[in-house]
Number of protein chains: 2
Amino acid sequence: MAPRAAARKTGRNSESSDKVGVICRALRRAIIEQALEPGARLPEDSLGERFGVSRTIARHALGQLAAEGLVELRRNRIAVVATPSWQEARDAFDIRIELERLVVRQLAGKLTKAQVADLNAHVDAEDRSRDGSDAVSIRLATEFHILLASMTNSPILLRYVSEVAYRCCLTLSLYSRPHSSECGITEHRAIIAALVQGDEARVMGLMHSHLDSVATRALVAPTPRRGRDLLDILAPYAEEDGSERVVKMAKVARGRA
Amino acid sequence: MAPRAAARKTGRNSESSDKVGVICRALRRAIIEQALEPGARLPEDSLGERFGVSRTIARHALGQLAAEGLVELRRNRIAVVATPSWQEARDAFDIRIELERLVVRQLAGKLTKAQVADLNAHVDAEDRSRDGSDAVSIRLATEFHILLASMTNSPILLRYVSEVAYRCCLTLSLYSRPHSSECGITEHRAIIAALVQGDEARVMGLMHSHLDSVATRALVAPTPRRGRDLLDILAPYAEEDGSERVVKMAKVARGRA
DNA sequence: GCGCGGCAAAGTGCATGCAATTGAGGCGCT
DNA sequence: AGCGCCTCAATTGCATGCACTTTGCCGCGC
């Protein structure tokens, strides 16, 4: 009733109930903070119950997350948090390096005062988080890069950088030593400075070496060494019945033998 | 029953009924062949009816395509084929250039005989398609790049190259002159040759200039000039109720000129 | 003691039904 | 005629129900 009168409210309303989005964001965050480890089971019912929605919605959210590579969906089986292979982790970092070079190239010398302030505030938050849990500082480090990407005003670039950064973040929980993280903060500050200064080549170099160092520091072992990895190694063998599979970007790469 | 015995069949079965995937592939293809123009409406019921599934499945497929940026999903409104802005088209090409440089860098000098044969066969097909419809040759040109990406054995790279290539393909139907396409074929052959020869720098340069020339040749006008563009231009203004919105790649474009 | 076969619980795959929202045309008012 | 309200068909948002698949478990035969 009074549809016309309510129409004004509708605008605000349209944002409010994005249930799928809420679940996606929550899960993404839980995954990158390692509250959900790779391999963790994500049954639709439990998800639905936890978030107060039906399986339909939970399922849809899992679909989105699977499209982003954070979740693995196997037919008739419980969805699990993705467990990227070491090779996939390397590939993700390679892609990320190129994408973020693009980001800083577009941004060099073009940041507004407000944006610089935002960036500095974020790095300050990173600094403060060094006392807290590792998980939070890893998340903040990742979000620094996403914040940067959001400043390009390129929705596409933002989306790809976000995705690949989350994936890289996920791999850290698999292949990195317990340590890490705090080291990147000074590099973040250097990147901001170089961006303000506006030297394209220099800032691209900085970003490149920053990510490269994170990658090589993080991805320590050519073969994963963690509790679950026997299962990981066996997975590709146990999976198939012999028939070839279309390039579904599923498991093609595993074979590094 | 006889679950153990039936297990053999299950393997074959698992491939057969991927209804969501079937719909996605069909729609993707229809979109890049311009059977579905940007702005075309995609109601869930019609889709479901056409493919013999329920709305639930059609909806899920639309969700996936929206995640890939081929479809725009607005709450409580009919889904439509995406209508990227000119700027988004440029951004997509920029990203694509970087990603495909990565592809050829990984592939240079590492192609097997079989792979080279596949590539040549594909380009032959492109050649033959010059008599046929523009749509098909555009699709084949795009698929050449995807074929290349699939040879890297990096599922992640393959996924991103595919997505961004499809998006670029989509923009061609909006911003390019009727002409085009056949020109790229000789460049494809040159790239294959350089890959076989194995000169990394050279093949990266070739790929770069190939894509760059496609982009600049294709994206002719800084402001789109096509039937529906008054609506396009007005869309961002008509959209909001004043509250800020994160760059959400929102666009409104209804057909019906 | 050990493995095989089957049963039951858990979980997914999908369709359908109902409420809510939107968009468009009709109707009256000015 | 022009303008705005109101109503209704079209369409989406979401939950629920049913069938099928998978998996763990228990008992049976060897």
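The basis for the numbers below is simple: all heavy atoms, side chains too, and nothing from hydrogens, waters or symmetry mates. Note that the coordinates shown come from a computational prediction; the quantities given were computed from them, not determined experimentally. Throughout, protein chains are lettered first and strands after them, A, B, ... in sequence-line order, and every chain is numbered starting at 1.
Each of A:S54 and B:S46 was assigned the nucleotide of DNA chain D with the nearest heavy atom; the assignment lying further toward the 5' end belongs to B:S46.
In terms of polar N and O atoms assigned as donor or acceptor, the side chain of A:R55 comes within less than 3.5 Å of the base of C:dG13 in a complementary pairing.
Here the nucleotide nearest the side chain of B:P43, chosen from C:dG13, D:dT12, C:dA15, is D:dT12. Nearest to the side chain of A:N76, among C:dG13, C:dT16, C:dG11, sits C:dG13. Distance from the side chain of B:I57 is smallest for C:dA15 among the nucleotides D:dC14, C:dA15, C:dT12. With D:dT12, D:dT16, C:dG13 as the choices, the nucleotide that has an atom nearest any side-chain atom of A:R75 turns out to be C:dG13. Considering only the side chain of B:I78, D:dT12 comes nearest among C:dG11, D:dT16, D:dT12.
Taking atom CD1 of residue B:I23 and atom P of nucleotide C:dG13, one finds them 15 Å apart after rounding to whole Å. Whole-Å rounding puts the B:R59 CZ to C:dT16 C1' distance at 14 Å. Taking atom CD on A:E44 and atom P on D:dC14, their separation rounds to 16 Å, with Å as the unit. Remark: P of D:dG13 and NZ of A:K19 are 12 Å apart, rounded to the nearest angstrom. Rounding to whole angstrom units, CG of residue B:D45 and P of C:dG17 are separated by 13 Å. One interatomic measurement links the two molecules: CD of A:E49 to C1' of C:dA10, which rounds to 14 Å at whole-angstrom precision. Distance, A:E72 CD to C:dT12 C1': 17 Å, rounded to whole Å. B:D18 places its CG atom 12 Å from the C1' atom of C:dG13, with the value rounded to the nearest Å.
The backbone N or O of A:R75 sits less than 3.5 Å from a side-chain atom of A:R77, completing a donor-acceptor pair. The backbone N or O of B:H145 lies less than 3.5 Å from no partner atom in the side chain of B:H122, so there is not a single donor-acceptor pair. Using modelled atom types, no side-chain atom of B:R55 and backbone atom of B:P43 make a donor-acceptor pair closer than 3.5 Å. Under a 3.5 Å cut-off, the side chain of A:R167 and the backbone N or O of A:E68 do form a donor-acceptor pair.
A:E44 CD to A:I57 CD1: the interatomic distance, rounded to the nearest 0.5 Å, is 11.5 Å.
A:R77 comes within 4.0 angstrom of sugar-phosphate atoms only, judged by non-hydrogen atoms across all strands, and of no base.
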